[in-house]
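I have placed the structure first, in the form of structure tokens, so that the comments after it can refer back to it.
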Amino acid sequence: MRMSRMFSKTLREAPNGADSKGYEYLLRAGYIRQMGAGIFSLLPLGFRATQKIETIIREEMDRIGAEELLMPVVNPADIWKETGRYYSIDKEMGRFKDRNNRDMVLAMTHEEAVTDLARNLIDSYKRLPLLVYHIQTKWRDDPRPRAGLIRVREFTMLDSYTFDKDYEGLQKQYAAHYKAYFRIYSRCALPCVAVAADTGMMGGKVSHEYMYLSPIGEDTIILCPECGYTANRQVAKMKKEYFKEAEKPIEKVETPEAKTIEALAEFLKIDPRKTAKCVFMVGTFINDKNGEEEDKLVVALVRGDLEVEESKLSNAIKANALRPARPEEIEAHSMVPGFASPIGATGDFITVIDDTVAESNNLVAGANEAGYHYLNTNFGRDYTGLVADIASARDGALCPHCGKPLKASKGVEIGNIFQLGTRYSEAMNATYQDEEGKQIPVVMGSYGIGVGRLLACLAEEYNDEGGLKLPISVAPYQVHLVSLVKDTAIAESIYEDLTKAGIEVLYDDRKETAGVKFADADLIGAPIRITLGNRSLKEGKVEVKLRSSGEETSYLISDLADEIKNEIAKEMAKIEANIVEKELED
RNA sequence: CGGGUAGUAGCGCAGGGGCUAGCGCACUUGGUUCGGGACCAAGGGGUCGGAGGUUCAAAUCCUCUCUGCCCGACCA
């Protein structure tokens with residue numbers, strides 16, 4: 001490609017709002033342009049990069065025996081009503097009516113669409129297992145798009161779906177994806193970890209997320225440096241200690257102004273771990289069948305030194321949404337914020353108790369009277385409720401497997417795999433006939449990778465003061481040819497030779513000064529830069545510089561195509577030498 | 001949806017009731033330069049986000065509204 005003809009322009013200054021380096025350079029180098037909040041165009045450079053990522057994805061999906069298809073972005077709402085997600089998903093789903101006033105949705109994922117196909121196509125156990133995928137546009141009306149391509153509303157996603165006759169089959173396909181995803185990311189040279197994850201709106205049981213660890217990430221990952229345990233904080237477990245002792249009689253004490261656990265522990269001169277912290281939320285429960293909503297107060301109890309993990313709480317009570325409760329909602333149940341506990345509360349509400357509280361004795365809890373707490377409260381005797389793990393694992397908490405301290409790290413979710421089971425096949429009646437002639441729901445899995453987000457993470461990982469330096473497997477062009485001599489004939493013939501040899505060349509044929517051309521080459525970041533200048537031309541040579549290492553050599557123009565092919569092969573070999581082959585452990 | 005912040009040329013910004021709305025970069029033309037974002041000269045480009053109002057006079061003050069960004073809620 002000639003730069004003089006390229007539908008793109010580099011920017012000297014970062015547009016306002018480009019807060020991370022990766023985003024700034026994608027904009028400045030002319031890979032992407034923003035159109036609205038969370039809506040971006042991929043300019044030719046960005047498009048070429050994502051096409052390369054998609055090619056890698058296709059090759060790896062093919063390796064595990066997948067077939068590519070293409071499902072529509074626009075779905076009739078009917079199938080989403082069948083699974084209930086038409087009701088349980090709120091404003092995040094794009095909805096409209098067609099000319100005949102029928103409800104339509106913009107698919108944010110394709111479980112419904114693919115299950116609709118499956119129930120028609122799958123009849124017998126003999127047709128299973130199956131594995132299909134597509135790479136397609138999604139619209140998710142995220143409440144807060146941010147950080148460029150990291151969190152957008154319209155994006156391209158690889159999503160694949162598996163169909164099996166049983167969980168054993170699903171396990172195999174899941175394990176194949178687990179491994180294939182590591183190959184995909186490592187072929188893009190993006191470092192990542194797989195973590196145990198929440199299933200969220202997808203439903204299902206087992207799920208892993210692939211995380212690019214970076215401070216720009218929004219998820220918090222809990223890792224054990226000792227034994228390798230990794231999980232999203234939303235589901236991360238930790239080793240908990242209980243304080244078991246003989247139950248003592250409950251006793252009301254005056255605790256003026258002790259509205260927080262810290263103040264309370266200070267006032268009573270006790271360890272915060274001897275207290276029960278009461279957190280109030282309001283859960284929204286949506287009826288899958290008709291979309292009716294119901295709000296209920298949720299009282300969550302954790303030991304004083306711990307925090308409530310909202311995802312765990314939400315999962316424990318199967319709420320569709322959870323928000324902090326307002327004081328009047330708490331008071332309506334005869335509880336006093338700051339001095340609250342379920343003891344003596346009135347009305348209909350849900351109590352969820354972390355096992356640290358349920359399994360410990362004689363904890364201090366609120367007396368529901370301003371200025372008073374109870375000593376020696378005990379679960380079972382003084383109050384009851386649902387016992388679940390709802391406490392948040394944090395940096396320094398103990399590993400559930402080996403007991404060593406855990407580390408917390410920020411991460412960007414670049415992929416997610418789910419064992420759905422029969423959540424969708426049952427709802428949509430996608431069954432197969434088994435050997436005995438019985439109709440059995442198909443066991444499903446679903447798997448996804450955000451292509452644009454992957455590019456954004458790569459831009460974040462691979463940059464320096466000069467701009468981007470994407471790995472050769474995903475860089476839009478392999479070679480950037482910079483000509484500094486007036487006579488264009490030699491550069492033109494080099495460009496032609498390299499292109500004919502199958503090399504992807506971005507040729508700077510503009511009438512610009514050397515500084516401008518070098519700066520743009522650095523910004524765009526092709527892995528190999530060829531400089532045609534008077535210095536080495538005297539000897540019939542050009543200079544070759546690697547963007548990643550800065551390493552420089554020179555080659556005779558007569559040998560150039562072969563030498564460059566060799567350089568490309570070397571760069572590719574570096575990536576291939578580091579392909580991650582990681583098996584799923586259970 | 002709450003809190004904050006900002007919309008003035010393609011990008012970055014200044015101007016905050018008064019004559020033709022500026023600056024840097026980018027762009028056009030001519031010339032000189034020519035291996036790390038050159039120089040000189042001459043140019044082109046704006047309904048000051050939108051609507052309504054106040055005023056002799058509005059980019060500037062007021063009201064409403066739209067949009068972007070940041071924090072939170074939220075999120076595969």
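Letters go in sequence order (proteins before strands), and every chain restarts at 1.
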A:E461: what forms a side chain to side chain donor-acceptor pair (under 3.5 Å) with it, not counting sequence neighbours?
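In terms of side chain to side chain donor-acceptor pair (under 3.5 Å), with neighbours along the sequence ignored, A:E461 is linked to A:Y212.
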Who passes side-chain contact (heavy atoms from CB on, under 4.5 Å) against [X], sequence neighbours left out?
X	result
A:A388	A:A316, A:V352, A:I390
A:P476	A:Y31, A:L45, A:R48, A:A49, A:L470
A:L43	A:S8, A:R33

Could you pull out all residues at least two apart from A:R95 that satisfy salt bridge (charged side-chain N to carboxylate O under 4.0 Å, His left out)?
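Applying salt bridge (charged side-chain N to carboxylate O under 4.0 Å, His left out) to A:R95 gives none.
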What is the distance, to the nearest angstrom, from the [atom1] atom on [X] to the [atom2] atom on [N]?
X	N	atom1	atom2	result
A:L149	B:C69	CG	P	13 Å
A:F280	B:A73	CZ	C1'	20 Å
A:Q34	B:U67	CD	C1'	11 Å
A:R453	B:C75	CZ	C1'	9 Å
A:E13	B:C23	CD	P	16 Å
A:L313	B:C74	CG	C1'	16 Å
A:N16	B:G12	CG	P	6 Å
A:I414	B:C75	CD1	P	21 Å

Just to be sure I understand the rule, does A:E310 reach a base, reach only the sugar-phosphate, or reach nothing, if contact means heavy atoms closer than 4.0 Å?
sugar-phosphate
Under 4.0 angstrom, heavy atoms only, what part of the nucleic acid is A:L322 near: base, sugar-phosphate, or nothing?
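Sugar-phosphate, no base atom in range.
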Write down the distance separating the [atom1] atoms in [N] and [M], rounded off to the nearest Å.
N	M	atom1	value
B:G24	B:A9	P	16 Å
B:A14	B:U60	C1'	14 Å
B:U63	B:C69	C1'	25 Å
B:A58	B:G49	C1'	16 Å
B:G12	B:G43	C1'	22 Å
B:G52	B:A59	P	14 Å
B:A26	B:G37	C1'	12 Å

Go through B:G24, B:G68, B:C75 for me and flag the one nearest to the A:A37 side chain.
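The listed nucleotide nearest to A:A37's side chain is B:G68.
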What about the rings of A:Y507 and A:H480, do their centers lie closer together than 6.0 Å?
no
Name each donor-acceptor pair under 3.5 Å that joins a side chain in residues 142-159 of chain A to protein atoms two or more places apart or in another chain, with its distance.
from	atom 1	to	atom 2	distance (Å)
A:D142	OD1	A:R144	N	2.7
A:D142	OD1	A:R151	NE	3.1
A:D142	OD1	A:R151	NH2	2.7
A:D142	OD2	A:R151	NE	3.1
A:R146	NH1	A:E218	OE2	3.2
A:R151	NE	A:R144	O	3.2
A:R151	NH1	A:E218	OE1	3.4
A:R151	NH1	A:E218	OE2	2.8
A:R151	NH2	A:R144	O	3.4
A:R153	NE	A:A37	O	2.8
A:R153	NH1	A:D141	OD1	2.9
A:R153	NH2	A:A37	O	3.1
A:D159	OD1	A:H134	NE2	3.1
A:D159	OD1	A:K138	NZ	3.2
A:D159	OD2	A:H134	NE2	3.0
A:D159	OD2	A:K138	NZ	3.0
A:D159	OD2	A:Y161	OH	2.5

A:K410 atom NZ, neighbour heavy-atom count above 12 within 6.0 Å:
yes
Suppose we call a contact any N or O donor and acceptor under 3.5 Å apart; does that hold for the side chain of A:R151 and the base of B:C74?
yes
Listing, residues 514-526 of chain A side-chain donor-acceptor contacts under 3.5 Å, not counting sequence neighbours, or none:
from	atom 1	to	atom 2	distance (Å)
A:K517	NZ	A:S483	O	2.9
A:K517	NZ	A:D508	O	3.4
A:K517	NZ	A:R510	O	2.8
A:D520	OD1	A:T10	OG1	2.8
A:D520	OD2	A:T10	OG1	3.4
A:D520	OD2	A:R510	NH1	3.2
A:D520	OD2	A:R510	NH2	2.9

Would you please say whether a donor-acceptor pair under 3.5 Å links the side chains of A:Y174 and A:H208?
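Yes, because at least one side-chain N or O of A:Y174 sits under 3.5 Å from a partner of the opposite role on A:H208.
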List the protein contact pattern of nucleotides 27-46 of chain B with one symbol per nucleotide (5' to 3'): B for base contact, S for sugar-phosphate-only contact, - for none; contact means a heavy-atom distance under 4.0 Å.
-------BBBBB--------
Quick one: is B:G2 close enough that its OP1 or OP2 comes under 4.0 Å of any side-chain N or O from A:R323?
no
Both distances under 3.5 Å, Watson-Crick or G-U wobble: on that basis, could you give the dot-bracket string for RNA chain B, with [ ] for crossing pairs and | for other-strand partners?
((((((((.[[[[.)..(...]]]].((((((.....)))))).....[[[[[..)....]]]]])))))))....
